[in-house]
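Notes follow once the structure below has been shown.
The basis for the numbers below is simple: all heavy atoms, side chains too, and nothing from hydrogens, waters or symmetry mates. The first residue in the sequence is number 1, and the count goes up from there.
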Amino acid sequence: MDKKVQRYYQLKQQQKEIEQELTELRGEILNHCSERSVGELEFNDYKVKIVRQERKEFDDNKLYAAVVDPSVWRMLSKADPSKIASLIKLNFISEDKIKDTYSIKQISLLQVDKK
């Protein structure tokens, strides 16, 4: 068991290092595309595509004030955008009622595929 724990620790350390390098590379690739104002690039055998998305970031206090029904708030318990979207879809709450409870955050997803 000692070897398994040791291997697990080593792999977790590698994972942290890989995630850090991925974050740095992602930032550099996004900057490269942004500086050239392009959403797609091709390099030798690879194709890079930037996909823009918007995400809602809810303010818990404003959301609680807008959705005062305790039974609905218990379903949310914390402002989870996917749960809130589901409640809107199911007509438990209306988009108009919560329109001032969130801000829109622009994010860029990076896709790299091999040709």
Side-chain angles (χ1 to χ4, degrees):
M1 184 54 110
D2 185 49
K3 291 210 182 282
K4 288 181 182 180
V5 171
Q6 181 181 6
R7 183 66 180 146
Y8 181 85
Y9 178 81
Q10 291 170 344
L11 290 172
K12 288 300 279 183
Q13 292 302 104
Q14 287 177 350
Q15 180 182 18
K16 287 178 188 176
E17 292 169 10
I18 290 169
E19 287 174 355
Q20 177 64 35
E21 185 175 355
L22 282 170
T23 299
E24 291 170 8
L25 291 170
R26 179 184 181 280
E28 291 174 17
I29 294 168
L30 287 173
N31 284 338
H32 181 84
C33 292
S34 177
E35 289 169 357
R36 285 152 186 76
S37 300
V38 295
E40 290 186 28
L41 287 174
E42 292 190 20
F43 299 98
N44 298 324
D45 295 336
Y46 299 93
K47 182 177 180 180
V48 174
K49 184 176 182 181
I50 308 298
V51 179
R52 308 259 185 235
Q53 286 186 345
E54 291 183 348
R55 287 197 182 153
K56 293 178 180 177
E57 291 190 340
F58 288 90
D59 179 312
D60 288 346
N61 294 325
K62 290 179 182 178
L63 185 63
Y64 184 75
V67 182
V68 292
D69 183 346
S71 64
V72 173
W73 190 250
R74 274 192 297 280
M75 285 188 266
L76 291 173
S77 75
K78 182 177 181 255
D80 179 334
S82 62
K83 288 181 184 177
I84 295 167
S86 295
L87 290 172
I88 291 170
K89 223 177 238 186
L90 295 169
N91 292 320
F92 278 100
I93 55 178
S94 71
E95 182 76 38
D96 284 345
K97 194 172 196 176
I98 64 165
K99 67 181 178 190
D100 297 323
T101 67
Y102 60 86
S103 59
I104 301 291
K105 179 182 177 182
Q106 295 284 337
I107 62 162
S108 298
L109 300 177
L110 175 63
Q111 294 178 342
V112 176
D113 298 308
K114 196 161 186 172
K115 291 185 202 175

Test side chain to side chain contact (heavy atoms under 4.5 Å, CB included) applied to E54 and Q106, step by step
CA-CA 5 Å; E54 291 183 348; Q106 295 284 337; 2.9 Å; yes

Go through it in stages, so that I can follow the logic: the residues are C33 and L41, the test is side chain to side chain contact (heavy atoms under 4.5 Å, CB included), and I'd like the CA-CA distance, side-chain angles, deciding distance and then a yes or no.
CA-CA 8 Å; C33 292; L41 287 174; 3.6 Å; yes

Rounded to the nearest 0.5 Å, how far apart are [atom1] of [X] and [atom2] of [Y]?
| X | Y | atom1 | atom2 | result |
| --- | --- | --- | --- | --- |
| H32 | I50 | NE2 | CD1 | 10.0 Å |
| L87 | K89 | CG | NZ | 11.5 Å |
| K16 | K12 | NZ | NZ | 7.5 Å |
| L11 | Q6 | CG | CD | 10.5 Å |

Do E40 and K47 touch side chain to side chain, with heavy atoms closer than 4.5 Å?
yes

Measure the shortest side-chain to side-chain distance between I84 and I93 over non-hydrogen atoms and say whether it is less than 4.5 angstrom.
yes

ILVMFWY cluster, [X] and [Y] together (side-chain gap under 4.5 Å):
| X | Y | result |
| --- | --- | --- |
| I107 | L25 | no |
| I18 | Y9 | no |
| Y46 | V38 | yes |
| F43 | L22 | no |

Judged by atom type as modelled, is there a donor-acceptor pair below 3.5 Å linking the side chain of T101 to the main-chain atoms of I98?
yes

Check the pair Q20, E24 against side chain to side chain donor-acceptor pair (under 3.5 Å), reporting the backbone distance first and the verdict last.
CA-CA 6 Å; Q20 177 64 35; E24 291 170 8; 2.8 Å; yes

Only one of L30, I29, T23 forms a side-chain contact (heavy atoms from CB on, under 4.5 Å) with R26, so which one is it?
L30

Would you indicate whether R55, at its atom CZ, is surrounded by more than 12 heavy atoms from other residues, nucleotides or ligands within a distance under 6.0 Å?
no

Excluding sequence neighbours, so at least two apart, what forms side-chain contact (heavy atoms from CB on, under 4.5 Å) with S94?
D96, K97

For Q15 and E19: C-alpha separation, side-chain torsions, deciding distance, then whether side chain to side chain donor-acceptor pair (under 3.5 Å) applies.
CA-CA 6 Å; Q15 180 182 18; E19 287 174 355; 3.3 Å; yes

Could you please spell out the steps behind the salt bridge (Lys or Arg N to Asp or Glu O under 4.0 Å) verdict for K62 and E57?
CA-CA 11 Å; K62 290 179 182 178; E57 291 190 340; over 6 Å; no

